[in-house]
Amino acid sequence: YPDHQSDDVGLMNRLFFFAVLLLMALPTSCLALPESNQIEFSNCALALPGTNLTANARCGALEVAENPAEPAGKRIKLRVAVAPATGKATEPDPVFFFAGGPGQAASETWVMIQSTLARIRKTRDIVMIDQRGTGGSNKLECVSEVEEDLNQEIDLDLIRTETEKCLSELDGDPRFYTTSIAMGDYNLVRQAMGYDKINIMGVSYGSRSAQVYLRL
């Protein structure tokens, strides 16, 4: 059996060699989180609904009050996703990405735009917060059984009926899903992650919500 043993050893050596090459090819990025970070992150796969597009990230959650004036009242969870920097050295100030809409979830939008921010991501983590009412942050969504016909005249009575039906079924009070309250959430996330300074960027409505964040 010596010849067979030799073949087995050679095969094992080759498998080990290819395994080492594979590990060298994998990204070695990790989150550059401050020691004061309070959010627990784990590996996750982000997805864009209705498509096959996905992106690997690190995901966590932060619980906040639905009504900021009543911290002991109803609580909701905000989804926080981070795309780690891909380079060997990571700057301490990440980029917070503000999605458009209003209504888009940052973690879902990221799947589409990740290649656009590839150069920025070489040295900085990209932080995505699903704004309250979107994505994984207590999403508020109405599903209508009415089939739209764009050739018909606008039926204001139908719109009123559908709106009232939608409001009655929402799992949240829409009074507390405003841009200013959502931007307060963003700052709570920043504090919970332990960041002193951050960079921000927004797309479409996200550029406006980012200005609200700056003003606050």
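Nothing here was measured: the structure is a model prediction, and the numbers come from that model.
- You'll find the side chain of I76 reaches within 4.5 Å of the side chain of V64, heavy atoms only.
- Pairs of residues two or more places apart, or lying in two chains, that qualify as side-chain hydrogen bond (donor to acceptor under 3.5 Å, both in side chains) and include a residue from residues 41-57 are N43-R58.
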Side-chain donor-acceptor pairs under 3.5 Å in residues 192-200, sequence neighbours left out?
residue	atom	partner	partner atom	Å
N199	ND2	D93	O	3.1
N199	ND2	D93	OD2	3.0
N199	ND2	P94	O	3.2

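- Residues passing the salt bridge (Lys or Arg N to Asp or Glu O under 4.0 Å) test with R175 are D173, sequence neighbours excluded.
- Looking at residues two or more places apart in sequence or on another chain, you find no side chain to side chain contact (heavy atoms under 4.5 Å, CB included) involving S207.
- Shown here are the side chain to side chain contact (heavy atoms under 4.5 Å, CB included) partners of E147, two or more places apart in sequence or in another chain: there are none.
- Partners of K165 according to the side chain to side chain donor-acceptor pair (under 3.5 Å) rule, which considers only residues two or more places apart in sequence or in another chain, are E169.
- Residues L46, L48, L53, V95, F97, V111, M112, I113, L117, I120, I126, M128, M201, V203 make up the rest of the hydrophobic cluster containing W110, defined by ILVMFWY side-chain heavy atoms closer than 4.5 Å, directly or through other members.
- Hydrophobic cluster membership for Y205: none, as no Ile, Leu, Val, Met, Phe, Trp or Tyr side chain comes under 4.5 Å of it.
- Residues that satisfy the side chain to side chain contact (heavy atoms under 4.5 Å, CB included) test with I181, not counting sequence neighbours, are P68, R132, F176, T178.
- By the 4.5 Å side-chain criterion applied to Ile, Leu, Val, Met, Phe, Trp and Tyr, I159 is assigned to a cluster that also includes I154, L156.
- In this structure, CE on M183 lies 4.5 Å from OG on S209, to the nearest 0.5 angstrom.
- The pair E63-R75 counts as a salt bridge, with a side-chain nitrogen and a carboxylate oxygen less than 4.0 angstrom apart.
- Listed by chain and number, the residues in a ring pair (Phe, Tyr, Trp, His ring centres under 6.0 Å) with Y186 are F98 (sequence neighbours excluded).
- In this structure E141 satisfies the side chain to side chain contact (heavy atoms under 4.5 Å, CB included) test together with K139, sequence neighbours excluded.
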